[in-house]
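Read the structure below first, then the notes.
Keep in mind that what you see is a predicted model, and the values were worked out from it rather than measured.
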Amino acid sequence: MTNVKMSSYSQPGAKRQKLRTEHVDYFQAIDKIQYNNMAAASDTASYRYYNSAERIHSKTMEEWLKYSVSFSEFRNNGSDAHGRPTLSRQWDDNTDSVENHKRCVKALFDFCVKTGIKYWTAFDSDLIPHSDNIEENKTYFDEMVECVQECSQRSHVKLLWIAPDLHSHPRYTSGAFTSNDAATFAHAATQIKRCLEMSQRMNAECFLLWPYREGYDNVYHADVGREIKLFAKLMKITAEYKDRLNYRCQLLMMPYYNSNMHTNDGCTYHSWQHRQWRETEMINMYMWDVTSCLYFLKHYNLDRYYKVCSPPGHHMYMANVYNMLGGVFVTNAVDQCDSRRLTLMMKLIVEQGTPLPGGINLKLSPRRDGDLRDYVTTYVKYVDAMARALRFACSLISEQILSKHLQQRYTSYYSGFGSRLVSSDVSMEECEEYLKKSQGSRGDAPPSQGEHLELTLQRYLDTCDRI
């Protein structure tokens, strides 16, 4: 029996042929989504705005948007906090076996082919069965790598990033990076090491860390200083091991984020319960927003290794200011009808000059009462909304709709004393001297014309016919 197994593994070509023979297209009843700018309103099986090969601002739409499908959300079975699973997938028998994981991966690749999305993302726990045995895990990894490589070769869909799941296992209840138990820290480091090796073998372009459970309940119950240093230590040895592997990928970090906490503008809380939750829990997370994450990375000189993933909105703008924006993730909580918000997001990306390494990760869960066609339509809805926003953004940049206003608003900084404030050192005494000389010549600050600009932008988006 052993000889039979060895002979099958010694013939990799035969094994790959077997995979091709057994392949089943789970989406065969659904046509590939194509670009058709004349599609009728009821034609939800076409993209009206997303033309992957179309060049806009010197790059293709596919390059600017760099969509990826989240495998975690793809495997969602319709369950939630108050309901049982409602979705039954042909490829998923709900077992934690290697074969079931492989079928789910193959179904994901079929889904990407149908939607025309070239990247996917996953946590390691999405790909292999759970096991606390290190050698058994290695065997599972080897099998899954072979499966992914075969599917990727067949479909030309690539892995954008993989992340170690450092939050779902009971051992990580009190954190992984910041656990009070040294053995748990070692577990987390070993899991990251294996995940990095797996990521390299699957040619992932990025590697993500999500510190979901890193924080403390009560300050008298935790050595916060020690935990922060442990956090930085694991981040640092991760980056060092990546370099020793000679693995050229972008390291990404996603601060703690709860989509239920935000409205569509990304900054207002729905109710007093959410405000209370923020005050009592979220403040105790070490990475509770992008700003705390950026300060942490800068303080420990980790900003040269890592960039940050964030949702659209304020967090994204702050990461961009510090040249630390690595990717954007979009959930079902984002309103795809909010053209202004999505347009400003795409404008920021285009003005960077280069697409984000982590692209736009679509973390879209299926409806509990939907079918496969409905799930594909969910992606058509969001892919098209952001493609439309990209067209709007490029039009805004070309016509300088917003840049002219910004130049006028900050005109005092383009010459004289204002120019010196920006380009050179200015002392407190010089500020006082300038104020004395200019006293009486300047009145109140000029009006911001914020309402005028807001209405101008909204009317532009409502009537723009150049997309």
For this session: Take M61 and R391 through the side chain to side chain contact (heavy atoms under 4.5 Å, CB included) test and state the conclusion after the steps.
Result: CA-CA 9 Å; M61 296 189 77; R391 293 178 183 272; 3.5 Å; yes
Problem set entry | CA sep, side-chain torsions, deciding dist, call: Y216, E227, side-chain hydrogen bond (donor to acceptor under 3.5 Å, both in side chains) | CA-CA 9 Å; Y216 63 93; E227 290 189 2; over 6 Å; no
For this session: Begin from the C-alpha positions of L342 and V334 and carry the test side chain to side chain contact (heavy atoms under 4.5 Å, CB included) through to its verdict.
Result: CA-CA 9 Å; L342 296 179; V334 173; 4.2 Å; yes
For this session: Apply the test side-chain hydrogen bond (donor to acceptor under 3.5 Å, both in side chains) to residues S292 and D289: give CA-CA distance (whole Å), side-chain angles for both, the deciding distance (0.1 Å), then the verdict.
Result: CA-CA 6 Å; S292 57; D289 69 351; 2.8 Å; yes
Problem set entry | side chain to side chain contact (heavy atoms under 4.5 Å, CB included) between V105 and L127, worked out | CA-CA 8 Å; V105 166; L127 298 174; 3.8 Å; yes
For this session: Go through the steps to decide whether D126 and H101 satisfy the test side-chain hydrogen bond (donor to acceptor under 3.5 Å, both in side chains), and finish with yes or no.
Result: CA-CA 8 Å; D126 298 326; H101 283 275; over 6 Å; no
For this session: Walk me through it: do T378 and R367 pass the test side-chain hydrogen bond (donor to acceptor under 3.5 Å, both in side chains)?
Result: CA-CA 9 Å; T378 299; R367 293 174 62 98; over 6 Å; no
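In this structure Y317 satisfies the ring pair (Phe, Tyr, Trp, His ring centres under 6.0 Å) test with no other residue, sequence neighbours excluded. Applying the side-chain contact (heavy atoms from CB on, under 4.5 Å) test to K233 and every residue at least two apart in sequence or in another chain returns F185, I237. Here F111 pairs with F27, F74, Y375, Y379 under the ring pair (Phe, Tyr, Trp, His ring centres under 6.0 Å) rule; sequence neighbours left out. Under the side-chain contact (heavy atoms from CB on, under 4.5 Å) criterion, T377 pairs with T44, not counting sequence neighbours. Under the side chain to side chain donor-acceptor pair (under 3.5 Å) criterion, D43 pairs with S46, not counting sequence neighbours. Taking D243 as the reference, nothing meets the salt bridge (Lys or Arg N to Asp or Glu O under 4.0 Å) condition, with sequence neighbours excluded. For the ring pair (Phe, Tyr, Trp, His ring centres under 6.0 Å) test, no residue two or more places apart in sequence or in another chain qualifies with Y119. With sequence neighbours left out, D303 forms a salt bridge (Lys or Arg N to Asp or Glu O under 4.0 Å) with K298. R103 pairs by the side chain to side chain donor-acceptor pair (under 3.5 Å) definition with D93, N100, not counting sequence neighbours. In this structure, K114 has no side chain to side chain donor-acceptor pair (under 3.5 Å) partners at least two apart in sequence or on a different chain. Residues satisfying the side chain to side chain donor-acceptor pair (under 3.5 Å) criterion with Q191, sequence neighbours excluded, are D124, Y172. Partners of W120 under the ring pair (Phe, Tyr, Trp, His ring centres under 6.0 Å) rule, at least two apart in sequence or in another chain, are F109.
Checking side-chain atoms of R368 against main-chain N and O of G78 turns up a donor-acceptor pair under 3.5 Å. No donor-acceptor distance shorter than 3.5 angstrom exists from the side chain of S199 to the backbone of C195, with no hydrogens or angles considered. Checking side-chain atoms of T115 against main-chain N and O of C112 turns up a donor-acceptor pair under 3.5 Å. Although no hydrogens or angles enter the test, the distance criterion places a donor-acceptor pair under 3.5 Å between the side chain of E214 and the main chain of T178. A side-chain donor-acceptor contact under 3.5 Å links N332 to the backbone of S365. No donor-acceptor distance shorter than 3.5 angstrom exists from the side chain of S152 to the backbone of V148, with no hydrogens or angles considered. Side-chain atoms of R388 never come within 3.5 Å of backbone atoms of S339 as a donor-acceptor pair (strictly under, hydrogens ignored). Between the side chain of N320 and the backbone N or O of L325, no donor-acceptor pair lies under 3.5 Å. Between the S398 side chain and the C394 main chain, a donor and an acceptor come within less than 3.5 Å of each other. A donor-acceptor contact shorter than 3.5 Å is absent between the side chain of K66 and the backbone of K118.
Atom NZ of K236 sits in a sparse spot, with 12 or fewer heavy atoms from other residues, nucleotides or ligands closer than 6.0 Å. With a 6.0 Å radius and a threshold of 12 heavy atoms from other residues, nucleotides or ligands, D132 has its CG atom above the threshold. Counting non-hydrogen atoms of other residues, nucleotides and ligands closer than 6.0 Å to CG of L245 gives a total above 12. Heavy-atom neighbours of R226 CZ from other residues, nucleotides or ligands within 6.0 Å: at or below the threshold of 12.
Note: Y67 and Y50 have perpendicular aromatic rings, judged against thresholds of 30 and 60 degrees for the angle between ring planes. The aromatic rings of H167 and W210 lie perpendicular to each other, with more than 60° between the two planes, well past the 30° mark.
The pair D335-R341 does not meet the salt-bridge criterion, since no charged nitrogen lies less than 4.0 angstrom from a carboxylate oxygen. Ion pairing between R201 and E197 fails under the 4.0 Å rule for side-chain N and carboxylate O.
Side-chain contact check for Y140 versus S131: some heavy-atom pair is nearer than 4.5 Å. Side-chain contact between M287 and F296 is present, with at least one heavy-atom pair separated by less than 4.5 Å. In this structure, the side chains of H130 and S125 stay at 4.5 Å or more apart for every pair of heavy atoms. Side-chain contact between L209 and L251: absent, with no pair of heavy atoms (C-beta onward) separated by less than 4.5 Å. Between P255 and V308, some side-chain heavy-atom pair lies under the 4.5 Å cut-off. Residues M235 and Y300 form no side-chain contact, since every pair of their non-hydrogen atoms from C-beta on lies 4.5 Å or further apart. Side-chain atoms of I33 and V383, non-hydrogen and from C-beta on, never get closer than 4.5 Å to each other. Residues E73 and L364 are not in side-chain contact: their nearest non-hydrogen atoms beyond the backbone lie 4.5 Å or more apart.
Separation of the Y247 and F207 ring centroids does not fall under the 6.0 Å cut-off.
Checked by atom type, the side-chain pair N77/S79 shows a donor-acceptor distance below 3.5 Å. T238 and Y305 form no side-chain donor-acceptor contact under 3.5 Å, judged by distance and modelled atom types alone.
Rounded to the nearest 0.5 angstrom, Y306 OH and L208 CG are separated by 10.5 Å. L396 contributes atom CG, which lies 6.0 Å from atom CG of L461 (distance to the nearest 0.5 angstrom). The CG atom of L166 sits 11.5 Å away from atom OG of S179, with the distance rounded to the nearest 0.5 Å. Remark: L356 CG to I349 CD1 distance equals 4.5 Å, nearest 0.5 Å. One distance of note links CZ of R154 with CG of D110; it measures 5.5 Å at 0.5 Å rounding.
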